[in-house]
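Here is the structure we will look at, set down as C-alpha coordinates.
All figures in this text were calculated on a predicted structure; none of them were measured in a lab.
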Amino acid sequence: MPTSPDYSNVGFTTIRVELDDSVAVVTLARAKQRNTFVHDLAVDVIKAFDLLDRDDRVRVVILTAEPTAPAFCSGASYGVSVSQYSRGCGQADLSGGWERILNDEAEKEGEHAHRDSGGQVTMAIFRCRKITIAAVNGHAVGVGVTGFQLPCDIRFAWAGAKLAFPFVRRGIAPEACSSYLLPRLIGHSRAMSLFLTGATVTPDSPLLSGLYHTVLPTREEVFPAALALAKDLAQNTSQTAVAVTKALVWRGFNNIEEQHIVDSRAIRILARSPDAEEGALAFKQRRGPKFADQLGRLAPWMPWWREVNVNHRKSKL
(Lines give C-alpha, C1' and ligand atoms only; values in the text may rest on other atoms or scores of the structure.)
Protein backbone atom coordinates (compact mmCIF):
# COMPACT_ATOMS: atom_id res chain seq x y z
CA MET A 1 0.00 0.00 0.00
CA PRO A 2 1.44 3.43 -0.93
CA THR A 3 1.95 5.84 1.95
CA SER A 4 -0.39 8.83 2.05
CA PRO A 5 1.51 12.13 2.03
CA ASP A 6 2.04 14.09 5.21
CA TYR A 7 1.34 17.57 3.85
CA SER A 8 3.05 19.29 6.76
CA ASN A 9 6.34 17.68 5.72
CA VAL A 10 6.18 17.94 1.94
CA GLY A 11 8.32 21.07 1.93
CA PHE A 12 5.87 23.76 0.85
CA THR A 13 7.18 27.27 1.51
CA THR A 14 4.42 29.47 0.08
CA ILE A 15 1.25 27.53 0.93
CA ARG A 16 -0.21 25.41 3.70
CA VAL A 17 -2.12 22.20 2.99
CA GLU A 18 -4.32 20.84 5.78
CA LEU A 19 -6.86 18.02 5.87
CA ASP A 20 -10.25 18.48 7.52
CA ASP A 21 -11.60 14.93 7.28
CA SER A 22 -11.84 14.40 3.51
CA VAL A 23 -11.62 18.12 2.66
CA ALA A 24 -8.18 19.50 1.81
CA VAL A 25 -7.60 23.20 2.42
CA VAL A 26 -4.84 24.86 0.40
CA THR A 27 -4.02 28.27 1.87
CA LEU A 28 -1.88 30.86 0.11
CA ALA A 29 0.63 31.87 2.79
CA ARG A 30 2.41 34.97 1.45
CA ALA A 31 0.27 37.52 3.26
CA LYS A 32 3.15 39.97 3.80
CA GLN A 33 3.73 39.98 0.04
CA ARG A 34 -0.01 40.30 -0.69
CA ASN A 35 0.13 36.72 -1.98
CA THR A 36 1.86 37.84 -5.15
CA PHE A 37 2.42 35.10 -7.70
CA VAL A 38 6.05 33.97 -7.82
CA HIS A 39 7.89 30.91 -9.11
CA ASP A 40 7.95 29.09 -5.76
CA LEU A 41 4.22 29.61 -5.32
CA ALA A 42 3.54 28.13 -8.74
CA VAL A 43 5.73 25.11 -7.95
CA ASP A 44 4.01 24.55 -4.61
CA VAL A 45 0.46 24.80 -5.97
CA ILE A 46 1.21 22.48 -8.90
CA LYS A 47 2.75 19.89 -6.58
CA ALA A 48 -0.09 20.18 -4.07
CA PHE A 49 -2.85 19.63 -6.62
CA ASP A 50 -0.98 16.72 -8.19
CA LEU A 51 -0.77 15.01 -4.79
CA LEU A 52 -4.35 15.86 -3.82
CA ASP A 53 -5.63 14.49 -7.13
CA ARG A 54 -4.11 11.09 -6.31
CA ASP A 55 -4.79 11.07 -2.55
CA ASP A 56 -7.77 8.79 -1.94
CA ARG A 57 -8.40 10.43 1.43
CA VAL A 58 -9.33 13.68 -0.32
CA ARG A 59 -12.70 14.29 -1.95
CA VAL A 60 -12.87 18.10 -2.09
CA VAL A 61 -10.13 20.75 -2.29
CA ILE A 62 -10.58 24.38 -1.18
CA LEU A 63 -8.13 27.04 -2.36
CA THR A 64 -8.14 30.17 -0.21
CA ALA A 65 -5.95 32.81 1.45
CA GLU A 66 -5.34 33.69 5.06
CA PRO A 67 -8.33 35.77 6.22
CA THR A 68 -6.09 38.59 7.44
CA ALA A 69 -4.10 38.83 4.19
CA PRO A 70 -4.47 42.19 2.39
CA ALA A 71 -5.28 40.33 -0.84
CA PHE A 72 -6.35 36.90 -2.03
CA CYS A 73 -3.67 37.24 -4.72
CA SER A 74 -2.45 40.59 -6.03
CA GLY A 75 -1.12 39.20 -9.28
CA ALA A 76 2.30 38.39 -10.68
CA SER A 77 5.44 39.70 -9.04
CA TYR A 78 7.58 40.67 -12.00
CA GLY A 79 10.37 42.28 -10.05
CA VAL A 80 12.53 39.13 -9.92
CA SER A 81 13.20 36.72 -12.75
CA VAL A 82 12.32 33.02 -12.67
CA SER A 83 16.01 32.16 -12.59
CA GLN A 84 16.55 34.47 -9.60
CA TYR A 85 13.62 32.92 -7.74
CA SER A 86 14.97 29.43 -8.36
CA ARG A 87 18.26 30.57 -6.77
CA GLY A 88 16.34 32.09 -3.86
CA CYS A 89 17.68 35.62 -4.37
CA GLY A 90 16.74 39.00 -5.71
CA GLN A 91 14.72 42.02 -4.68
CA ALA A 92 12.02 43.77 -6.66
CA ASP A 93 13.50 45.54 -9.66
CA LEU A 94 10.86 46.85 -12.04
CA SER A 95 13.39 47.85 -14.69
CA GLY A 96 13.14 44.41 -16.31
CA GLY A 97 9.39 44.72 -16.92
CA TRP A 98 7.45 41.61 -17.88
CA GLU A 99 10.55 39.96 -19.31
CA ARG A 100 11.47 39.20 -15.72
CA ILE A 101 8.84 36.43 -15.63
CA LEU A 102 10.49 34.54 -18.51
CA ASN A 103 12.64 31.46 -17.96
CA ASP A 104 16.27 31.83 -19.02
CA GLU A 105 16.55 28.20 -20.13
CA ALA A 106 13.45 28.44 -22.31
CA GLU A 107 14.68 31.69 -23.83
CA LYS A 108 17.73 29.85 -25.19
CA GLU A 109 15.34 27.74 -27.27
CA GLY A 110 13.35 30.63 -28.71
CA GLU A 111 9.87 32.10 -28.34
CA HIS A 112 8.11 28.77 -28.99
CA ALA A 113 9.65 27.20 -25.85
CA HIS A 114 8.15 29.47 -23.18
CA ARG A 115 5.48 27.93 -20.97
CA ASP A 116 3.44 30.33 -18.85
CA SER A 117 3.70 29.36 -15.19
CA GLY A 118 0.20 30.70 -14.57
CA GLY A 119 -1.08 28.33 -17.22
CA GLN A 120 0.77 25.45 -15.62
CA VAL A 121 -0.98 26.23 -12.32
CA THR A 122 -4.33 26.48 -14.10
CA MET A 123 -3.84 23.08 -15.72
CA ALA A 124 -2.85 21.46 -12.42
CA ILE A 125 -6.07 22.69 -10.78
CA PHE A 126 -8.17 22.00 -13.89
CA ARG A 127 -6.89 18.42 -14.16
CA CYS A 128 -7.60 17.61 -10.52
CA ARG A 129 -10.35 14.99 -10.52
CA LYS A 130 -11.67 16.04 -7.12
CA ILE A 131 -14.19 18.85 -6.56
CA THR A 132 -12.24 22.13 -6.39
CA ILE A 133 -13.58 25.24 -4.67
CA ALA A 134 -12.08 28.74 -4.66
CA ALA A 135 -12.83 30.71 -1.49
CA VAL A 136 -11.93 34.24 -2.59
CA ASN A 137 -11.71 36.23 0.63
CA GLY A 138 -9.77 39.22 -0.71
CA HIS A 139 -8.84 41.29 -3.74
CA ALA A 140 -7.47 39.49 -6.81
CA VAL A 141 -5.51 40.81 -9.78
CA GLY A 142 -4.53 39.03 -12.98
CA VAL A 143 -3.45 35.48 -12.20
CA GLY A 144 -5.24 35.82 -8.86
CA VAL A 145 -8.42 35.58 -10.94
CA THR A 146 -7.31 33.65 -14.01
CA GLY A 147 -5.07 31.05 -12.39
CA PHE A 148 -6.56 30.63 -8.92
CA GLN A 149 -10.29 30.99 -9.64
CA LEU A 150 -11.27 30.12 -13.21
CA PRO A 151 -10.00 26.50 -13.18
CA CYS A 152 -11.93 25.68 -10.00
CA ASP A 153 -15.30 23.95 -10.21
CA ILE A 154 -17.08 26.22 -7.73
CA ARG A 155 -16.26 29.74 -6.56
CA PHE A 156 -17.23 31.69 -3.42
CA ALA A 157 -16.29 35.36 -3.13
CA TRP A 158 -16.41 38.37 -0.84
CA ALA A 159 -18.72 41.03 -2.31
CA GLY A 160 -16.14 43.74 -1.66
CA ALA A 161 -13.32 42.02 -3.51
CA LYS A 162 -11.80 43.97 -6.39
CA LEU A 163 -11.13 41.68 -9.34
CA ALA A 164 -8.85 43.04 -12.05
CA PHE A 165 -8.20 41.91 -15.63
CA PRO A 166 -5.45 44.45 -16.42
CA PHE A 167 -3.59 42.68 -19.22
CA VAL A 168 -4.16 45.00 -22.19
CA ARG A 169 -3.48 47.98 -19.91
CA ARG A 170 -0.09 46.46 -19.08
CA GLY A 171 0.86 45.60 -22.66
CA ILE A 172 0.46 41.84 -22.36
CA ALA A 173 -2.09 39.17 -23.29
CA PRO A 174 -4.41 37.29 -20.90
CA GLU A 175 -2.53 34.38 -19.34
CA ALA A 176 -3.14 31.23 -17.31
CA CYS A 177 -5.33 29.68 -20.04
CA SER A 178 -7.96 32.34 -19.28
CA SER A 179 -8.69 32.96 -22.96
CA TYR A 180 -9.89 29.34 -23.03
CA LEU A 181 -11.74 29.22 -19.71
CA LEU A 182 -13.38 32.63 -19.27
CA PRO A 183 -15.45 32.63 -22.51
CA ARG A 184 -16.64 29.11 -21.72
CA LEU A 185 -17.64 30.09 -18.20
CA ILE A 186 -19.40 33.42 -18.81
CA GLY A 187 -19.74 33.71 -22.59
CA HIS A 188 -17.60 35.34 -25.26
CA SER A 189 -19.27 38.75 -25.12
CA ARG A 190 -18.70 39.33 -21.43
CA ALA A 191 -15.22 37.80 -21.58
CA MET A 192 -14.26 40.22 -24.35
CA SER A 193 -15.64 43.15 -22.35
CA LEU A 194 -13.47 42.20 -19.39
CA PHE A 195 -10.35 41.44 -21.41
CA LEU A 196 -10.44 44.40 -23.80
CA THR A 197 -11.35 47.05 -21.23
CA GLY A 198 -8.85 45.78 -18.67
CA ALA A 199 -11.66 46.21 -16.19
CA THR A 200 -11.63 46.08 -12.42
CA VAL A 201 -14.96 44.77 -11.16
CA THR A 202 -16.55 43.19 -8.10
CA PRO A 203 -18.01 39.67 -7.93
CA ASP A 204 -21.59 40.97 -8.30
CA SER A 205 -20.80 42.76 -11.57
CA PRO A 206 -23.19 41.85 -14.42
CA LEU A 207 -20.08 41.03 -16.46
CA LEU A 208 -19.36 38.13 -14.07
CA SER A 209 -22.95 36.94 -13.76
CA GLY A 210 -23.06 33.24 -12.98
CA LEU A 211 -19.34 32.85 -12.29
CA TYR A 212 -19.70 32.71 -8.50
CA HIS A 213 -21.72 30.11 -6.62
CA THR A 214 -22.21 32.50 -3.71
CA VAL A 215 -21.15 36.09 -3.02
CA LEU A 216 -20.89 36.90 0.70
CA PRO A 217 -21.17 40.37 2.28
CA THR A 218 -18.05 40.03 4.45
CA ARG A 219 -14.72 38.39 3.78
CA GLU A 220 -14.94 36.47 7.08
CA GLU A 221 -17.99 34.59 5.80
CA VAL A 222 -16.37 33.26 2.64
CA PHE A 223 -14.29 30.36 3.90
CA PRO A 224 -16.89 28.97 6.37
CA ALA A 225 -19.50 28.96 3.59
CA ALA A 226 -17.11 27.20 1.22
CA LEU A 227 -16.14 24.69 3.90
CA ALA A 228 -19.79 23.89 4.71
CA LEU A 229 -20.49 23.05 1.07
CA ALA A 230 -17.22 21.13 0.77
CA LYS A 231 -18.09 18.92 3.73
CA ASP A 232 -21.56 18.26 2.37
CA LEU A 233 -20.14 17.27 -1.03
CA ALA A 234 -17.34 15.20 0.50
CA GLN A 235 -19.87 13.17 2.46
CA ASN A 236 -22.60 12.83 -0.14
CA THR A 237 -20.97 12.53 -3.57
CA SER A 238 -19.12 9.69 -5.28
CA GLN A 239 -15.47 10.31 -6.22
CA THR A 240 -15.81 8.34 -9.43
CA ALA A 241 -19.09 10.00 -10.43
CA VAL A 242 -17.55 13.42 -9.79
CA ALA A 243 -14.46 12.65 -11.89
CA VAL A 244 -16.51 11.33 -14.80
CA THR A 245 -18.96 14.25 -14.65
CA LYS A 246 -16.13 16.80 -14.76
CA ALA A 247 -14.58 15.01 -17.72
CA LEU A 248 -17.87 14.82 -19.61
CA VAL A 249 -18.34 18.57 -19.28
CA TRP A 250 -14.78 19.63 -20.14
CA ARG A 251 -13.50 16.71 -22.23
CA GLY A 252 -16.63 16.02 -24.21
CA PHE A 253 -17.25 16.38 -27.93
CA ASN A 254 -18.51 19.27 -30.06
CA ASN A 255 -21.44 17.36 -31.49
CA ILE A 256 -24.40 15.73 -29.79
CA GLU A 257 -23.93 12.30 -31.36
CA GLU A 258 -20.42 11.70 -30.04
CA GLN A 259 -21.41 13.17 -26.66
CA HIS A 260 -24.31 10.71 -26.54
CA ILE A 261 -21.90 7.82 -27.15
CA VAL A 262 -19.47 8.86 -24.42
CA ASP A 263 -22.07 9.65 -21.77
CA SER A 264 -23.83 6.37 -22.56
CA ARG A 265 -20.59 4.55 -21.82
CA ALA A 266 -20.20 6.57 -18.63
CA ILE A 267 -23.65 5.50 -17.46
CA ARG A 268 -22.91 1.87 -18.31
CA ILE A 269 -19.59 1.80 -16.44
CA LEU A 270 -20.78 3.69 -13.37
CA ALA A 271 -24.08 1.80 -13.17
CA ARG A 272 -22.12 -1.37 -12.40
CA SER A 273 -19.99 0.26 -9.72
CA PRO A 274 -20.27 -0.26 -5.95
CA ASP A 275 -20.99 3.46 -5.52
CA ALA A 276 -24.02 3.28 -7.81
CA GLU A 277 -25.35 0.32 -5.84
CA GLU A 278 -24.72 2.17 -2.57
CA GLY A 279 -26.32 5.36 -3.86
CA ALA A 280 -29.52 3.55 -4.85
CA LEU A 281 -29.63 1.60 -1.58
CA ALA A 282 -29.04 4.73 0.54
CA PHE A 283 -31.83 6.54 -1.30
CA LYS A 284 -34.20 3.61 -0.80
CA GLN A 285 -33.32 3.36 2.89
CA ARG A 286 -33.51 7.13 3.34
CA ARG A 287 -30.02 7.46 4.80
CA GLY A 288 -26.79 9.13 3.83
CA PRO A 289 -24.58 7.22 1.38
CA LYS A 290 -21.26 5.62 2.25
CA PHE A 291 -19.38 5.89 -1.01
CA ALA A 292 -16.12 3.94 -1.12
CA ASP A 293 -15.09 3.77 -4.80
CA GLN A 294 -11.62 5.09 -5.65
CA LEU A 295 -10.46 6.76 -8.84
CA GLY A 296 -8.11 3.95 -9.77
CA ARG A 297 -11.01 1.84 -11.02
CA LEU A 298 -11.56 4.35 -13.85
CA ALA A 299 -8.02 3.91 -15.22
CA PRO A 300 -8.88 1.38 -17.99
CA TRP A 301 -11.34 3.85 -19.51
CA MET A 302 -10.13 7.35 -18.73
CA PRO A 303 -8.83 9.36 -20.43
CA TRP A 304 -10.95 8.82 -23.54
CA TRP A 305 -9.68 12.12 -24.97
CA ARG A 306 -6.29 12.81 -26.57
CA GLU A 307 -3.79 13.91 -23.96
CA VAL A 308 -1.52 16.75 -25.13
CA ASN A 309 2.09 16.87 -23.95
CA VAL A 310 2.77 20.57 -23.34
CA ASN A 311 6.43 20.13 -22.44
CA HIS A 312 8.94 21.60 -24.88
CA ARG A 313 11.58 19.18 -26.11
CA LYS A 314 14.94 20.93 -25.94
CA SER A 315 16.98 21.18 -29.12
CA LYS A 316 20.03 22.90 -27.63
CA LEU A 317 22.48 22.05 -24.86
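- Checked options Arg30, Gln33, His39; the residue passing with Thr14 is Arg30 (criterion: side-chain contact (heavy atoms from CB on, under 4.5 Å)).
- Shortest non-hydrogen contact noted between Gly119 and Asp116 is N-OD2, 2.9 Å.
- With respect to the salt-bridge test (charged N to carboxylate O, under 4.0 angstrom), the residues Arg57 and Asp21 do not qualify.
- Annotation: the span from Asn254 atom CG to Gln259 atom CD amounts to 9.5 Å, rounded to 0.5 Å.
- Linking Ile, Leu, Val, Met, Phe, Trp and Tyr whenever their side-chain heavy atoms come within less than 4.5 Å puts Ile172 and Leu194 in one cluster.
- One finds the CG atom of Asp263 at 15.0 Å from the CZ atom of Arg268 (value rounded to the nearest 0.5 Å).
- Between Glu278 and Arg287 there is a salt bridge, with a side-chain nitrogen of the basic residue lying less than 4.0 Å from a carboxylate oxygen of the acidic one.
- The CZ atom of Phe148 sits 11.5 Å away from atom OG1 of Thr64, with the distance rounded to the nearest 0.5 Å.
- With 3.5 Å as the limit, one finds a donor-acceptor pair spanning the side chains of Tyr7 and Asp55.
- Rounding to the nearest 0.5 Å gives a distance of 8.0 Å between CD1 of Ile62 and CG of Asp20.
- The cationic atom of Arg16 (NZ for Lys, CZ for Arg) does not lie both less than 6.0 Å from the six-membered ring centre of Phe12 and within 45° of the ring axis.
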key: From CA spacing to verdict: side-chain hydrogen bond (donor to acceptor under 3.5 Å, both in side chains), Ser273, Asp275   = CA-CA 5 Å; Ser273 71; Asp275 272 7; 5.8 Å; no
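- Closest heavy-atom contact between Thr132 and Pro151: OG1-O, 4.1 Å.
- A donor and an acceptor atom, one from each side chain of Thr202 and Asp204, are located under 3.5 Å apart.
- Scanning both residues, Arg129 and Val242, for their nearest heavy atoms gives O-CG1, 3.8 Å.
- Defined by atom type and a distance below 3.5 Å, a donor-acceptor pair is missing between the side-chain atoms of Arg297 and Thr240.
- When only modelled atom types and interatomic distance are considered, Thr27 and Glu66 share no side-chain donor-acceptor pair under 3.5 Å.
- With salt bridges taken as basic N to acidic carboxylate O contacts below 4.0 Å, one links Lys246 and Asp153.
- The distance from atom NE2 of His139 to atom CG of Asn35, rounded to the nearest 0.5 Å, is 12.5 Å.
- The side-chain contact (heavy atoms from CB on, under 4.5 Å) test with Val58 singles out one residue from Leu52, Leu51, Val17, and that residue is Leu52.
- Ser178 contributes atom OG, which lies 6.5 Å from atom CG of Leu150 (distance to the nearest 0.5 angstrom).
- Not less than 6.0 angstrom separates the ring centroid of Trp158 from the ring centroid of Phe72.
- The main-chain N or O of Trp305 is never found under 3.5 Å from a side-chain atom of Arg251 such that the two would form a donor-acceptor pair.
- Using a 3.5 Å distance cut-off with no hydrogens or angles, the side chains of Glu221 and Thr218 do pair a donor with an acceptor.
- Checking Asp40 against Thr13 by side-chain atom types alone, no donor-acceptor pair falls below 3.5 Å.
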